[in-house]
Amino acid sequence: MTLPDTMQALVQLHDGYSGTQEGPSIDTLELYLEAREVPVPQPQADQVVIKVDLAAVNPSDLHFIKGEYGQPRIKDAPAGFEGVGTVVAGDSPLVGQRVSFFATQSGTWAEYAMTKSQGLIPCRPDLRAEDAAGQIVNPLTAMAMFDIVRESGAKSFVLNAAGSQLGKLLIGLGRDNGIAPIAVVRRAEQADLLRELGASEVLVTSDDDMMAKAEPVLKSLKPRILLDAVGDQTTADLFFAMPNRARWVNYGKLSTTPPKLTQMGQLIFQHKVIEGFWLTRWMQETDPAKLGSVIEEVQERFVSGKWKTDVAAIVPLSEAMEKLPAATKIPDGKVFIKP
Ligand SMILES: NC(=O)c1ccc[n+]([C@@H]2O[C@H](COP(=O)([O-])OP(=O)(O)OC[C@H]3O[C@@H](n4cnc5c(N)ncnc54)[C@H](OP(=O)(O)O)[C@@H]3O)[C@@H](O)[C@H]2O)c1
């Protein structure tokens with residue numbers, strides 16, 4: 001296939017880190033990105049170019065363009081980490097095939113993206129585009145963190161931001177594996193849906209007596225793992241109310257107000273642990289054979305209907321500068337960019 005010389009892309013206006021901690025909400029893209037015609041990336045050894053069908057918009061992308069993520073921005077490079085598309089050039093037997101991928105060399109918020117040949121995930125033909133476009137960041141994180149839950153041996157676990165796409169995937173895993181999810185949300189109207197999905201308890205942080213409601217639940221279900229995307233005071237209070245040997249696994253920083261850790265003695269005398277989880281590190285450390293079987297299970301879960309990607313909006317690439325900020329504020333679903 002002959003590739004065009006240029007393409008449309010949302011390119012970054014800044015290098016490096018911003019030093020701010022404002023969280024992943026955006027009111028305008030103009031501070032961070034510009035829609036531009038740029039050269040189509042040229043693959044070197046071990047790289048492929050992918051024609052993007054659909055790109056995901058994750059909180060990590062928004063943290064990243066704002067300069068608040070775990071890796072530096074690159075000025076003039078297209079943004080967007082995750083997507084699905086067809087391999088059109090480069091060093092790979094998968095040229096011509098539909099793959100999910102994480103763009104390490106040139107981002108997915110563009111007509112063409114570039115990444116390393118090794119990380120490509122061939123997609124089953126029956127996998128929906130929206131599931132394929134978001135197949136890596138949230139599903140693999142859910143599978144990896146659910147292993148931590150399983151290994152804890154407890155019959156329940158706590159998760160916050162439970163109405164997020166990742167939260168709903170975790171609830172599905174708890175339901176299907178007989179480990180009761182204790183879901184924490186900030187909006188009461190999410191409770192019924194999360195119970196239908198399989199949450200055994202739903203705690204609402206905006207309730208005045210939320211901790212009074214949480215304490216008997218934690219006492220009777222005895223969860224050991226707290227999967228935390230928020231990192232606020234309520235999270236800390238829940239952790240200190242959990243039983244001995246509880247592990248607080250922080251994997252997101254949705255709150256911009258950090259907690260006060262009021263009972264540090266619990267780390268010493270109750271053997272409690274606070275730690276972080278980052279998918280990037282998990283993928284580097286995980287045996288490729290295990291990764292292959294996890295990916296197979298992820299695709300099977302989507303195709304069989306055990307998991308579903310809720311879609312808030314699909315925004316055309318040509319309109320993304322104007323429409324993406326409002327789309328990211330639609331609750332209870334993921335936003336995608338369509339080149
Ligand atoms: N560490 C890793 O490797 C890794 C990998 C994947 C994802 N993540 C993280 O996982 C989290 C969820 O990702 P996602 O794509 O599933 O998100 P999502 O579908 O976009 O949903 C975001 C959720 O966060 C909730 N939220 C936002 N700000 C909040 C706050 N201050 N307090 C409480 N809840 C808040 C929202 O609640 P409302 O509906 O009430 O607004 C919404 O349910 C993000 O933090 C993301 O960065 C981390």
Side-chain angles (χ1 to χ4, degrees), residues 21-26 55-66 68-71 80-82 102 130-131 133-148 158-173 183-194 197 199 202-207 210 226-238 248-259 275-286 294 298 307-313 324-336:
Q21 288 297 328
E22 291 173 0
S25 96
I26 43 162
V57 177
N58 288 311
S60 50
D61 292 303
L62 305 180
H63 280 298
F64 179 64
I65 62 173
K66 293 174 85 171
E68 299 179 358
Y69 196 60
Q71 65 195 68
F81 286 132
E82 189 179 27
F102 192 86
E130 293 84 348
D131 298 329
Q135 188 187 174
I136 299 174
V137 173
N138 283 333
L140 294 187
T141 301
M143 296 292 279
M145 294 197 307
F146 195 72
D147 269 353
I148 302 175
V158 182
L159 73 158
N160 62 15
S164 65
Q165 177 62 27
L166 179 46
K168 289 183 268 194
L169 302 182
L170 285 164
I171 290 172
L173 285 168
V184 182
V185 291
R186 59 180 178 177
R187 289 186 295 121
E189 58 268 32
Q190 288 176 311
D192 287 346
L193 171 73
L194 297 189
L197 281 180
V202 181
L203 301 167
V204 181
T205 57
S206 52
D207 277 358
M210 135 95 189
L226 165 58
L227 298 179
D228 164 39
V230 180
D232 63 354
Q233 193 57 47
T234 308
T235 312
D237 295 344
L238 279 168
W248 173 356
V249 182
N250 174 265
Y251 66 93
K253 45 193 185 92
L254 291 167
S255 167
T256 49
T257 314
E275 63 192 83
F277 175 89
W278 194 24
L279 181 66
T280 303
R281 196 168 49 239
W282 181 83
M283 290 187 72
Q284 285 159 0
E285 290 168 357
T286 298
V294 170
V298 163
W307 273 353
K308 175 171 152 271
T309 304
D310 292 323
V311 179
L324 191 70
T328 61
K329 297 192 194 313
I330 302 171
D332 302 325
K334 287 245 75 91
V335 179
F336 295 91

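Order of appearance sets the numbers: ligands from 1, and atoms from 1 within every ligand. Quick note: residue numbers are just sequence positions, from 1.
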Please report the closest heavy-atom contact between [X] and [Y], naming both atoms and the distance.
X: Pro24; Y: Pro59; value: CB-O, 3.8 Å
X: Phe102; Y: Val137; value: CE1-CG2, 3.9 Å
X: Trp248; Y: Pro259; value: CH2-CG, 4.1 Å

- Query: Between Thr235, Val230, Asp228, which is the residue that forms a side-chain contact (heavy atoms from CB on, under 4.5 Å) with Ser255?
  - Reply: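 So the option named by the test is Val230.
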- Message: Can you tell me which residue among Asp61, Ile136, Asn138 is in a side-chain contact (heavy atoms from CB on, under 4.5 Å) with Glu82?
- Response: Ile136
Tell me whether [X] has any N or O atom under 3.5 angstrom from an N or O of ligand 1.
X: Gly252; value: no
X: Asn138; value: yes
X: Phe277; value: yes
X: Arg187; value: yes
X: His63; value: no
X: Tyr251; value: yes
X: Gln165; value: yes
X: Lys334; value: yes

What protein heavy atom lies closest to [atom]? Include the residue and the distance to one decimal.
atom: atom 46 (C) of ligand 1; value: Pro59 CB, 3.8 Å
atom: atom 37 (O) of ligand 1; value: Arg186 NE, 3.7 Å
atom: atom 23 (C) of ligand 1; value: Ser164 CB, 3.5 Å
atom: atom 11 (C) of ligand 1; value: Ala229 CB, 3.8 Å
atom: atom 24 (O) of ligand 1; value: Leu254 CD1, 3.2 Å
atom: atom 5 (C) of ligand 1; value: Thr141 OG1, 3.1 Å

- Task: Please state which part of Val230 comes within less than 4.0 Å of ligand 1, counting heavy atoms only: side chain, backbone, both or neither.
- Result: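 Within the 4.0 Å criterion, Val230 contacts ligand 1 through side-chain atoms alone.
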- Query: At a non-hydrogen distance cut-off of under 4.0 Å, which region of Val137 contacts ligand 1 (side chain, backbone, both, or neither)?
  - Reply: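 It is both backbone and side chain that touch ligand 1.
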- Below 4.0 Å from any atom of ligand 1, is there a heavy atom belonging to Pro331? no
- Query: Lys168: heavy atom below 4.0 Å from ligand 1, yes or no?
  - Reply: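 No.
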- Task: Take Thr257 and Gln233 through the test side chain to side chain contact (heavy atoms under 4.5 Å, CB included) and record every step on the way to the result.
- Result: CA-CA 8 Å; Thr257 314; Gln233 193 57 47; over 6 Å; no
What atoms in ligand 1 come closer than 4.0 Å to a heavy atom of [X]?
X: Leu279; result: 2 (C), 3 (O)
X: Gln190; result: 39 (O)
X: Leu166; result: 6 (C), 7 (C), 10 (O), 16 (O)

- Item | Pair Val249-Glu275, side chain to side chain contact (heavy atoms under 4.5 Å, CB included): steps then yes or no | CA-CA 5 Å; Val249 182; Glu275 63 192 83; 4.0 Å; yes
- Whether Trp278 and Tyr69 hold their rings parallel, tilted or perpendicular, with breakpoints at 30° and 60°: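 Because their plane-to-plane angle is over 60°, the rings of Trp278 and Tyr69 count as perpendicular.
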- Task: Decide yes or no for Trp307 and Val298: does some side-chain heavy atom of the first lie under 4.5 Å from some side-chain heavy atom of the second?
- Result: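 Counting from C-beta outward, Trp307 and Val298 do come under 4.5 Å.
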- Query: Between Lys329 and Ile26, is there a donor-acceptor pair closer than 3.5 Å when you use the side chain of the first and the backbone of the second?
  - Reply: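 A pair under 3.5 Å: yes.
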- Message: Using modelled atom types and a 3.5 Å cut-off, is there a donor and acceptor pairing between side-chain atoms of Glu22 and backbone atoms of His63?
- Response: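 Not confirmed, Glu22 side chain does not pair with His63 backbone.
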- Do Arg186 and Asp232 meet the salt-bridge criterion of a basic N to acidic O distance under 4.0 Å? no
- Working for side-chain hydrogen bond (donor to acceptor under 3.5 Å, both in side chains), residues Thr234 and Asp237: CA-CA 5 Å; Thr234 308; Asp237 295 344; 5.4 Å; no
